[in-house]
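First up is the structure itself, then whatever we jot down about it.
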Amino acid sequence: MKESEEINKPESQHFIEQAIEKDLAEGRNGGRIHTRFPPEPNGYLHIGHAKAICLDFGMAEKYGGKCNLRFDDTNPTKEDVEYVDSIKEDIQWLGFTWEEREFYASDYFGKLWEFAVSLIKRGLAYVDDQSAEAISGQKGTTTQPGTESPYRSRSIEENLDLFYRMNEGEFEEGSRVLRARIDMASPNMHMRDPIIYRILNTPHHRTGTKWKVYPMYDFAHGQSDYFEGITHSLCTLEFEVHRPLYDWFIDQLKTDDYRPRQIEFNRLNLTYTVMSKRKLLELVKDNVVSGWDDPRMPTLCGLRRRGYTPESIRRFVDLIGYTKVEAINDVSLLEYAIREDLNKRAPRVFGVLNPLKVIITNYPEGETENMEILNNPEDETQGKRLVPFSREIFIEKEDFMENPPHKFFRLAPGQEVRLKGAYIIKCNGVKKSDVGEIEEVHCTMDPATRSGGPDSDRKVKGTLHWVSAAHALDAEVRLYDRLFSDEDPSGHKDVDAREFLNPGSLSVLTGCKVEPSLAGSGPLTRVQFQRIGYFCTDYDSRPGKLVFNRTVGLKDSWAKQNK
RNA sequence: UGACCCAUGGUGUAAUUGGUAACACGUCUGAUUUUGGUUCAGAAGAGUCGGGGUUCGAGCCCCUGUGGGUCAACCA
C-alpha cells in the first residue's frame, strides 16, 4: 500500500539533480560525482550556507559520490584560522563529513603559479603596470567595450621576468598585476582581461610570507575544482556571469576528457533576517551582539545556541528547494521546521515567566505531594517525572484575569481550571496591595479531581501549568521576537544591520520560576514549557541560575484572537 | 540603453518534459485533547506577468513586450 503510493508519487527532482542525472546518463567524467563546499574562512557560517552545504554534501551522498571541504583562502587580508575551526564545527554539527578531504585553495598556490607561468608563455597573460584606477578606467562599461592596456603586448620574456619579480617582493602592493589576455571588447565584463594575480604583503594564515602574489577568486576556484577532480561545482546565482571565465581557464588547463562544470542555484533569503556576512561581522565587532553565537544571530552557532536542531535546519532547507528564482523565504517556514522537530523530541515541563502566587486555602500547610506527569504525552517512551505540589504555587500572570473577557478559558474569580497533572481549583478571591495590584489569588481545590482520581475527568475550560512556590527554581529567560526586528531588511539594499536588530527583539526576564526537574539539565537541553513555547537551556548560565533561550513560540490562537 | 539569468495562490516549490494547475507553510472552520499546544477532518485562495503565434491541445515550444536580478573590487 505504502509502496504503491510512493510509486504513484515520484519524488520530483530539482534542476540540479536533473542535470547530474543527465551527466550520469551520458557517462560524463566516467560516471563520477564529486562536489565541494568552498567557504572563505572570513566569518562564521550562517543558515544561508546551510543551504549550500546540504546541496554539496547531499548530492554527493545521493549519487554515491564524494564532497570535499575546501577553504577558499586566497585573500589573506580577510581570513583567519578562527573561522576555519568554526566552519568545520558547524558542518559537522549539521551532520555532514568530508572524511579526510580537507583542502585549501592555498594548497594549490604552487600549481596555480605554474599555470600562470604557462599562460604567460602561451601569450595568454601579461603583467600590467597601471594603477587600479587606470585599469578600471579602461575596462569600459557594460554597454561600451574596453580599451587595451598599453602593456598588453609586452614580450613573453619581460612578462615572465616581471611576474617572478612581483613574487620576490620587489614591487609595492598595487603597483603591478597579472592579467589574462582574453578580450577587452567582450560583452561579459569578466572576460575583459581579468586580473588573476595581485601583490599582497599580508602574511597568509597558512603559507605565511612564502608568497607575495595571490591568485584572485576566478583564477583559483575553477582550477582548484580541476585539481581535486570535482565534477559539479555548485554555487550561487551571482556567479553565473563568471561561468564563461571559469570555462575559459578550464579550457587552458585540461589535458583529457575530464572537466568540472559550474551550476548555479538561488541563495537563501529569509524575511526579517540580515544575512550578509559583512554586516554580521559589524554587529560582532561593534559589540551589538555578544558574539557570532549570540542567539539572535542567523549564524549556525547562533541558531544552535537558540535551540535549533540540525535536523530542523536540514528539514527547512529541504522544504524550500533549489531553483534559479531569487526567492525570499518566510521565517514561518523555519519556525515550522523547528516546531515540528521539537514537538517530537522535547519533553514538556512547567515554567512560569511572570509568576503570580496562588494559595490553595484548603490544602494543608506544609504538605507536599509528588505528581507523576508524562514527559511527552505523544511519546510515552520519554517516561514520567515527579513534580512537587504544595499549598502555594505560581501560575503565569497572563493566566489570571480579574475581569475576564468572553471566551477567556483560564482562571478568574468564580471560575474553575485544572492544574495540569494535579487538581481542579476554583478561584474565590484575590488579595491586593495598597496600590491595587493583585498579590495573591486565593483558590480551593477539589481532592477528588486529582489526576487519575474519581472526578478527574470532569470537564473544565482551561488547563494551567504551575510551579510549587517552595520548590521552584529561579531562572532567567530570554525571549526573542524574531531574529531581527519587525521591519524587513531582506528587501532593502544597503541596510545597517544595527537598525534592524532593535533592542525590542530581545527581552530578558528575571524572577522566572521553573520546575525542579530542570535542575542540572545541561546546556542545550531542549524543553517545551507548557503553553509558553519551546526553549533551550543556555550554556551561558551563571552559577545557581538556569538560563533559557526561547527557540520558538507556540502557536497561540488566543493571543492571535486578541491582537 | 549591452550580455547573461529569472517570472506559477500571501510565501516557497511541483506539474509524468505538450494532455487541462499539485504539495508544504501561512490563513480560516470544525472535532478530539488534563497545554487555546499536538493530532485529525475540512475550506478559502492562482488559471501560470501582458500580447501574439505553432498545435486538436501550451504553465511548458516560438516571437514580442513588461517587470525583477546579476555583472564595470587588485573581495569571494
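Here the structure is a predicted model, which is why all the values come from computation and not from measurement. Within every chain, numbering begins at 1; the chains are lettered A, B, ... in the order of the sequence lines, protein sequences first and strands thereafter.
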Just to verify, what does A:Phe163 make a ring pair (Phe, Tyr, Trp, His ring centres under 6.0 Å) with, not counting sequence neighbours? A:Trp113, A:Tyr197
Kindly write out the residues that satisfy ring pair (Phe, Tyr, Trp, His ring centres under 6.0 Å) with A:His190, not counting sequence neighbours, or none if the list is empty. A:His242
Go through the structure and list residues passing ring pair (Phe, Tyr, Trp, His ring centres under 6.0 Å) with A:Phe249, not counting sequence neighbours. A:Phe219
Under 4.0 Å between a side-chain N or O of A:Arg278 and OP1 or OP2 of B:C75? no
Just jot down the salt bridge (charged side-chain N to carboxylate O under 4.0 Å, His left out) partners of A:Glu170, sequence neighbours excluded, or say none. A:Arg165
Can you name the residues that form a side-chain contact (heavy atoms from CB on, under 4.5 Å) with A:Pro194, not counting sequence neighbours? A:Ala180, A:Ile182, A:Leu245
State which residues pass side-chain contact (heavy atoms from CB on, under 4.5 Å) with A:Thr147; sequence neighbours excluded, sorted by chain then number. A:Gln138
Any residue meeting salt bridge (charged side-chain N to carboxylate O under 4.0 Å, His left out) with A:Glu228, in chain and number order, not counting sequence neighbours: A:Arg70
If the sugar-phosphate is the primed atoms plus P, OP1 and OP2 and the base is the rest, what is the B/S/- string for nucleotides 6-14 of chain B, using protein heavy atoms under 4.0 Å? SS---SSSS
Is the phosphate of B:C25 approached by A:Tyr336 (side-chain N or O, under 4.0 Å from OP1 or OP2)? yes
Given the rule that a pair is Watson-Crick or G-U wobble with both distances under 3.5 Å, how would you write RNA chain B in dot-bracket, using | for pairs to a different strand? .((((((..((((.....[..)))).(((((.......))))).....(((((..]....))))))))))).....
A:Met189 CE to B:U1 P, in whole Å, measures 16 Å
Base versus backbone protein contacts along nucleotides 30-37 of chain B [heavy-atom cut-off under 4.0 Å; B, S, -]: ----BBBB
In plain terms, say whether A:Arg315 and A:Asp341 are close enough for a salt bridge, that is, a side-chain N and a carboxylate O under 4.0 Å apart. no
With A:Tyr226, which residues qualify under ring pair (Phe, Tyr, Trp, His ring centres under 6.0 Å), at least two apart? A:Tyr258
Just to verify, what does A:Ser131 make a side-chain contact (heavy atoms from CB on, under 4.5 Å) with, not counting sequence neighbours? A:Glu133, A:Ala134
